Engineer: 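Input: one structure, supplied below.
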Amino acid sequence: MGVRAADVVIVGGGSCGSVLAARLSEDPACSVLLIESGTGVATRGPWPAHILPIGPGSPHAHHYATTLRHGVAGTLVRGRGPGGSGAVNGAYFVRATPADLDAWGRATGGRPGRTVWSYGDALPYFRRSEHDHDFGSSAVHGDAGPVPVRRRTAESWSAATDRFVAAAEAMGFPAEPDKNAGGPAGIGPVPCNIDRGMRVDPGSAYLRAAAGRPNLTVWTGTTVRALRMSAGAVRAVQVLRDGGLLEVQAYNVVLAAGAIETPALLWRSGIGDPRMLGAAAVHALPGVGREFSDHPEITIPYKPAPPVGDPVSGERAAPPILEACLNLDTGDGAVEIRPYTASFGDAVPGNPPMPPVLGAALMAPWGRGRMVPHPADPCGAPRIEHHYLSDPRDEAAAAAAVDLARGLLDASGMGTPIDGMPANLGTSQHLSGTCPMGTDPGTAVVDPRCRVHGIGGLSIADTSVFPRVPSRGPHATAVMLAERAAEFVASGLRVP
Ligand SMILES: Cc1cc2nc3c(=O)[nH]c(=O)nc-3n(C[C@H](O)[C@H](O)[C@H](O)COP(=O)(O)OP(=O)(O)OC[C@H]3O[C@@H](n4cnc5c(N)ncnc54)[C@H](O)[C@@H]3O)c2cc1C
């Protein structure tokens, strides 16, 4: 027997799911059920921005094994619980660039003057999502949105940031005082979703603020196992709740389980490449998991130079993990050099002590990763391969980025590379595009309005639908996408 729960069922209460639940339930006539596998709505507030609570055994994170490149294993982390990855991330809140969003338009079949996605299409939703405390309301910024955005001022920078920025300026890199203004790339402060030292993730900014609405129900500690479809439309979600399997009738379902669990849920429901799913295939969409993009990051450990100047103030004792960074658009790619303010050993509880690192990330890599279902267990973690630096252009760009980072380390006096500790290939944890948007169901999973091709009532609105990872961190763009997708869903609700 099914339970009729709501007009819209949202799967996953992470960065995007929190926005969707809050925006869709603004209409009192629209009942919304948000289902989130993690717990903590009653007990968990926001985290201090300098702590990433994602270490080994953390109840606030899912961990997945990946192969970053041949012979190099890695671990992927996703947040678990209201706010999802946004609740445990680095609080860097930088928008995709105009070029990124215009490329999304081309990838989703847009033509000049007729696009669903472009910088101009996205800008009102970036503005709507934020309260920019530094720039206030303007053509590019909002001052009334749920997410507070602030940049640390130069006077409050840590010694490492201060030295790094001075060196980048001295080397002639242009200033980028507002990384959310859509201007040319350069050196400047990182806009952060931080208020009084605490990370204000979408779980706090949107979901907690909406939690008292009578038309919004939030089930935490509840995992959606699969979707049930018939006659080409979604009919129900099957959930694991209170130790039992329950079927919830659903005529409008929005998946927001993130770039790893959304494709896994589609596969468990028989949606994907029939050659992979075999007899379990219900609906052919070969693009599920077929490729994804992410930002490889090479970290250079260094021994910090002794501090000079003022004694460390209370505020300086706990800066966010990244206060400023250098962005470069190289024509053939994009690079971000990150002077982290702390070692990951300090930032990630449970990690062993580690030296501080300078990160060099490829922000528009050519290489694509691939994800496939677990070969034996439909509920098991997918097999993930990043194929980082598999494209010779990425290999060359990575070598150049590491040279640049070493040059900045040397010129800045931040410290000295540690003998015997090589630069390390890792991931920025920005995995995107496992169910990409597009018009061709042979490659794309959702259309440009986030509707799953060929299945009525089913949409996806999370980082899995990005046509490709933006050339800046994805979080601000994920929130923007969810703002827009809430409107798409509201305008196309199916009635049972
Ligand atoms: C450690 C870390 C640091 C990062 N730092 C930054 C940063 O500083 N800046 C930046 O721009 N980006 C950063 N990112 C990336 C960014 O946070 C993510 O891309 C973004 O939050 C993803 O949003 P999402 O809504 O797609 O998924 P998520 O926020 O991951 O949400 C998915 C939610 O779905 C739930 N869920 C999954 N499966 C099910 C199921 N079957 N049933 C019910 N619920 C389910 C999960 O528990 C989770 O809450 C970071 C990511 C990580 C992990």
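Both backbone and side-chain heavy atoms feed into the values below; hydrogens, waters and symmetry mates do not. We count ligands from 1, going down the list as the structure has it; atoms in each ligand are counted the same way. The structure displayed is predicted, hence computed values, not measured ones.
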Engineer: Looking at ligand 1, does any of its N/O atoms fall within less than 3.5 Å of an N/O of Asp462?
Structural biologist: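 No, since none of the N or O atoms of Asp462 sits under 3.5 Å from an N or O of ligand 1.
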Engineer: So Trp47 and His60, ring-ring contact (aromatic ring centres under 6.0 Å, His included) or not? Walk me through it.
Structural biologist: CA-CA 11 Å; Trp47 296 99; His60 309 297; 4.9 Å; yes
Engineer: Does any N or O atom in Ala476 lie less than 3.5 angstrom from one in ligand 1, N or O only?
Structural biologist: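 Checking ligand 1 against Ala476, no N or O pair falls under 3.5 Å apart.
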Engineer: Among all the protein's non-hydrogen atoms, which is closest to atom 51 (C) of ligand 1, and how far away is it?
Structural biologist: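 For atom 51 (C) of ligand 1, the nearest protein heavy atom is Gln429 O, 3.4 Å.
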Engineer: Heavy atom to atom 7 (C) of ligand 1, shortest distance: which of Gly90, Gly258, Ala347 holds it?
Structural biologist: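 It is Gly90 whose heavy atom sits nearest to atom 7 (C) of ligand 1.
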Engineer: Inspect the contact between Arg150 and Asp195 and indicate whether a charged nitrogen and a carboxylate oxygen are less than 4.0 angstrom apart.
Structural biologist: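 Yes.
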Engineer: Would you tell me whether Asp294 and Thr427 have side-chain atoms, one donor and one acceptor, within less than 3.5 Å of each other?
Structural biologist: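 Yes, a side-chain donor-acceptor pair sits under 3.5 Å.
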Engineer: With a cutoff of 4.0 Å, is Leu265 in contact with ligand 1, counting heavy atoms of the residue only?
Structural biologist: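 For ligand 1, residue contact (heavy atoms, under 4.0 Å) with Leu265 is absent.
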Engineer: In the protein, which heavy atom is nearest to atom 25 (O) of ligand 1, and how far is it?
Structural biologist: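 It is Cys16 N, 3.0 Å.
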Engineer: Take Val469 and Met363, measure what side-chain contact (heavy atoms from CB on, under 4.5 Å) needs, and give me the verdict at the end.
Structural biologist: CA-CA 8 Å; Val469 69; Met363 303 304 282; over 6 Å; no
Engineer: Is it true that Arg370 and Glu291 have a side-chain N and a carboxylate O under 4.0 angstrom from each other?
Structural biologist: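 The answer is no: the pair does not qualify as a salt bridge.
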Engineer: Would you say Ser158 and Glu323 are linked by a side-chain donor-acceptor pair, where the criterion is simply a distance under 3.5 Å?
Structural biologist: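 Short answer, yes.
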Engineer: A cation-pi test, strictly: NZ or CZ of Arg241 under 6.0 Å from the centre of the six-membered ring of Trp219 and no more than 45 degrees from its axis. Yes or no?
Structural biologist: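 That pair qualifies as a cation-pi contact.
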Engineer: Suppose I only count heavy atoms of Thr222 and a 4.0 Å limit; which atoms of ligand 1 are within that range?
Structural biologist: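 Matching atoms, with element in brackets: 43 (C).
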Engineer: Check this for me, if you would: do Glu385 and Arg383 make a salt bridge, where the nitrogen-to-carboxylate-oxygen distance has to be below 4.0 angstrom?
Structural biologist: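 Looking at Glu385 and Arg383, the cut-off is not met.
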Engineer: We want to know whether Arg368 and Ser293 form a side-chain donor-acceptor pair, criterion being a heavy-atom distance below 3.5 angstrom.
Structural biologist: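 No, Ser293 and Arg368 have no side-chain donor paired with an acceptor closer than 3.5 Å.
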Engineer: Would you tell me whether Ser31 and Asn215 have side-chain atoms, one donor and one acceptor, within less than 3.5 Å of each other?
Structural biologist: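 The answer is no; no qualifying pair exists.
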Engineer: Do Asn89 and ligand 1 have an N or O pair less than 3.5 Å apart?
Structural biologist: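 For ligand 1, there is an N or O atom that lies under 3.5 Å from one belonging to Asn89.
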Engineer: I'd like the name of whichever of Pro53, Ala257, Gly38 reaches closest to atom 32 (C) of ligand 1 through any heavy atom.
Structural biologist: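 Closest candidate by heavy-atom distance is Ala257.
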Engineer: Has ligand 1 got any nitrogen or oxygen that is less than 3.5 angstrom from a nitrogen or oxygen of Leu52?
Structural biologist: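 Between Leu52 and ligand 1, no N or O pair is found under 3.5 Å apart.
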Engineer: Please identify each residue that fulfils ring pair (Phe, Tyr, Trp, His ring centres under 6.0 Å) with His386, with sequence neighbours left out.
Structural biologist: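 With neighbours one apart ignored, the set is Phe292, Tyr388.
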Engineer: Specify the closest pair of heavy atoms between Pro296 and Pro365, including all atoms of both residues, with the distance to one decimal.
Structural biologist: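 Here Pro296 and Pro365 meet closest at CD-CG, 4.0 Å.
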Engineer: N/O to N/O below 3.5 Å, does that happen between Gly81 and ligand 1?
Structural biologist: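 Checking ligand 1 against Gly81, an N or O pair does fall under 3.5 Å apart.
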Engineer: Counting from 1, what ligand 1 atoms have a heavy atom of Gly473 closer than 4.0 Å?
Structural biologist: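 What qualifies from ligand 1 is 11 (O).
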Engineer: Would you mind listing which atoms of ligand 1 come within a distance below 4.0 Å of any non-hydrogen atom of Gly12?
Structural biologist: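 What qualifies from ligand 1 is 34 (O), 35 (C), 44 (N).
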Engineer: Looking only at distances, can you tell me whether any N or O atom of Val77, backbone or side chain, sits closer than 3.5 Å to an N or O atom of ligand 1?
Structural biologist: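 No, Val77 has no N/O under 3.5 Å of an N/O on ligand 1.
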Engineer: Are any of the N/O atoms on His475, whether in the backbone or the side chain, positioned under 3.5 angstrom from an N/O atom of ligand 1?
Structural biologist: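 Yes; at least one N/O pair falls below 3.5 Å.
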Engineer: Does Arg484 make a cation-pi contact with Trp117 (under 6.0 Å, within 45 degrees of the axis)?
Structural biologist: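 Yes, Arg484 and Trp117 form such a contact.
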Engineer: How close does the nearest protein non-hydrogen atom get to atom 31 (O) of ligand 1, and which residue and atom is it?
Structural biologist: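 Residue, atom and distance for the closest contact: Gly14 CA, 3.2 Å.
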Engineer: How long is the gap from CE on Met198 to CG on Asn193, to the nearest 0.5 Å?
Structural biologist: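 Separation between the atoms: 12.5 Å.
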Engineer: Within ligand 1, which atoms have a heavy atom of Gly79 less than 4.0 Å away?
Structural biologist: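 Counting from 1, the qualifying ligand atoms are 46 (C), 47 (O), 48 (C), 49 (O).
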Engineer: Tell me which part of Ala91 gets within contact of ligand 1: side chain, backbone, both or neither, using heavy atoms under 4.0 Å.
Structural biologist: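 Under 4.0 Å from ligand 1, Ala91 contributes backbone atoms alone.
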Engineer: Is it the case that ligand 1 has an N or O less than 3.5 angstrom from some N or O of Glu36?
Structural biologist: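 Between Glu36 and ligand 1 (N or O atoms, distance only) the closest approach is under 3.5 Å.
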Engineer: How far is atom 14 (N) of ligand 1 from the closest protein heavy atom, and which atom is that?
Structural biologist: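 Minimum-distance protein heavy atom for atom 14 (N) of ligand 1 reads His430 CD2, 3.6 Å.
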Engineer: Heavy atoms only: which of Ser85, Ser432, Cys192 is nearest to atom 28 (P) of ligand 1?
Structural biologist: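 Of the listed residues, Ser85 has the closest heavy atom.
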Engineer: Between Glu130 and Tyr125, is any side-chain donor less than 3.5 angstrom from a side-chain acceptor?
Structural biologist: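 No - no donor-acceptor pair under 3.5 Å links their side chains.
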Engineer: Should you measure from each heavy atom of Ile54, which atoms of ligand 1 turn up under 4.0 Å away?
Structural biologist: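 With Ile54 as reference, the close atoms of ligand 1 come out as 1 (C).
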Engineer: Does any N/O atom on Glu261 come nearer than 3.5 Å to any N/O atom on ligand 1?
Structural biologist: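 No.
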Engineer: Just to confirm my output: which protein heavy-atom neighbour is closest to atom 24 (P) of ligand 1, and how far is it?
Structural biologist: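 Looking only at protein heavy atoms, the one closest to atom 24 (P) of ligand 1 is Thr463 OG1, 4.0 Å.
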Engineer: What is the ring orientation for His141 with Phe135, classed by angle as parallel under 30°, tilted 30 to 60°, or perpendicular over 60°?
Structural biologist: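 Correct class here is parallel.
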Engineer: For ligand 1, indicate whether the residue Arg225 contacts it via side chain, backbone, both or neither (heavy-atom separation under 4.0 Å).
Structural biologist: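 Arg225 to ligand 1: no contact under 4.0 Å from either part.
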Engineer: Report the part of Ala482 in contact with ligand 1, treating N, CA, C, O as backbone and CB onward as side chain, heavy atoms under 4.0 Å; options are side chain, backbone, both, neither.
Structural biologist: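 None of Ala482 does.
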Engineer: Mind checking whether Leu322 has a heavy atom under 4.0 Å from ligand 1?
Structural biologist: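 The answer is no, since Leu322 has no heavy atom less than 4.0 Å from ligand 1.
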Engineer: Is the shortest distance from a heavy atom of Ala478 to ligand 1 less than 4.0 Å?
Structural biologist: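 So Ala478 does not count as touching ligand 1.
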Engineer: For atom 41 (N) of ligand 1, what is the closest protein heavy atom, and at what distance to 0.1 Å?
Structural biologist: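 Here the closest protein heavy atom is Val224 O, 3.1 Å.
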Engineer: For atom 23 (O) of ligand 1, what is the closest protein heavy atom, and at what distance to 0.1 Å?
Structural biologist: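 The answer is Ser15 CB, 3.4 Å.
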Engineer: So does Arg23 pair up with Glu483, basic N to acidic O under 4.0 Å?
Structural biologist: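 Salt bridge: yes.
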Engineer: Walk me through it: do Gln429 and Glu297 pass the test side-chain contact (heavy atoms from CB on, under 4.5 Å)?
Structural biologist: CA-CA 9 Å; Gln429 306 284 358; Glu297 177 174 24; over 6 Å; no
Engineer: Within a distance under 4.0 Å of any heavy atom of Ala256, pick out the atoms of ligand 1 and give their elements.
Structural biologist: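 With Ala256 as reference, the close atoms of ligand 1 come out as 32 (C), 33 (C), 34 (O).
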Engineer: Salt-bridged, Arg95 to Asp178, with N to O below 4.0 Å?
Structural biologist: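 The answer is no: the pair does not qualify as a salt bridge.
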Engineer: Could you see which bit of His62 sits under 4.0 Å from ligand 1, with heavy atoms only: side chain, backbone, both or neither?
Structural biologist: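 Answer for His62: side chain.
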Engineer: Can you tell me which residue and heavy atom of the protein come closest to atom 45 (C) of ligand 1, and the distance to 0.1 Å?
Structural biologist: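 Scanning the protein heavy atoms, the shortest distance from atom 45 (C) of ligand 1 goes to Ser37 OG, 3.5 Å.
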Engineer: I'd like to check which ligand 1 atoms, numbered from 1 as shown, lie under 4.0 Å from a non-hydrogen atom of Ile35.
Structural biologist: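 Checking each atom against Ile35, I get 43 (C), 44 (N).
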